[in-house]
Amino acid sequence: FKIMHWPFGSELTVIGAIALTISYGLRFALSPQKSMLDLLRLVFGSALLVSIILNMTGFRYGDTLITFAMWLLLPILVLWLISYFRPNDK
């Protein structure tokens, strides 16, 4: 939204980040078995939301926090790939 300079693009980005964080938070709270992947998803969503809000308000290190949030995505992808391709030994 922001790349195409749509009206209310910033607001839509924040609403999307809030929805992502709430959905990850609910999934984490309601899941009976919590794994490292669930925790990483929750931390990634929270870091992304905070970094977007700080970047929009003109915080000096907002870009650094977005980079940190994106680096959190790498272990999430690796853990998901490992769990997806791991053979079931049942």
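The analysis underlying the following values was restricted to heavy atoms, covering all of them including side chains, and did not include hydrogens, waters or symmetry mates.
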Review point. With Ile22, which residues qualify under side-chain contact (heavy atoms from CB on, under 4.5 Å), at least two apart?
Key: Ile18, Leu26
Review point. With sequence neighbours left out, which residue pairs that include part of residues 17-37 fulfil the salt bridge (charged side-chain N to carboxylate O under 4.0 Å, His left out) condition?
Key: Arg27-Asp38
**Study point:** Contacts of Ile82 that satisfy side-chain contact (heavy atoms from CB on, under 4.5 Å) - sequence neighbours left out
**Key:** Val78, Arg86
Point to revise | Closest non-hydrogen atom pair between Val14 and Leu49, with its separation | key: O-CD1, 4.3 Å
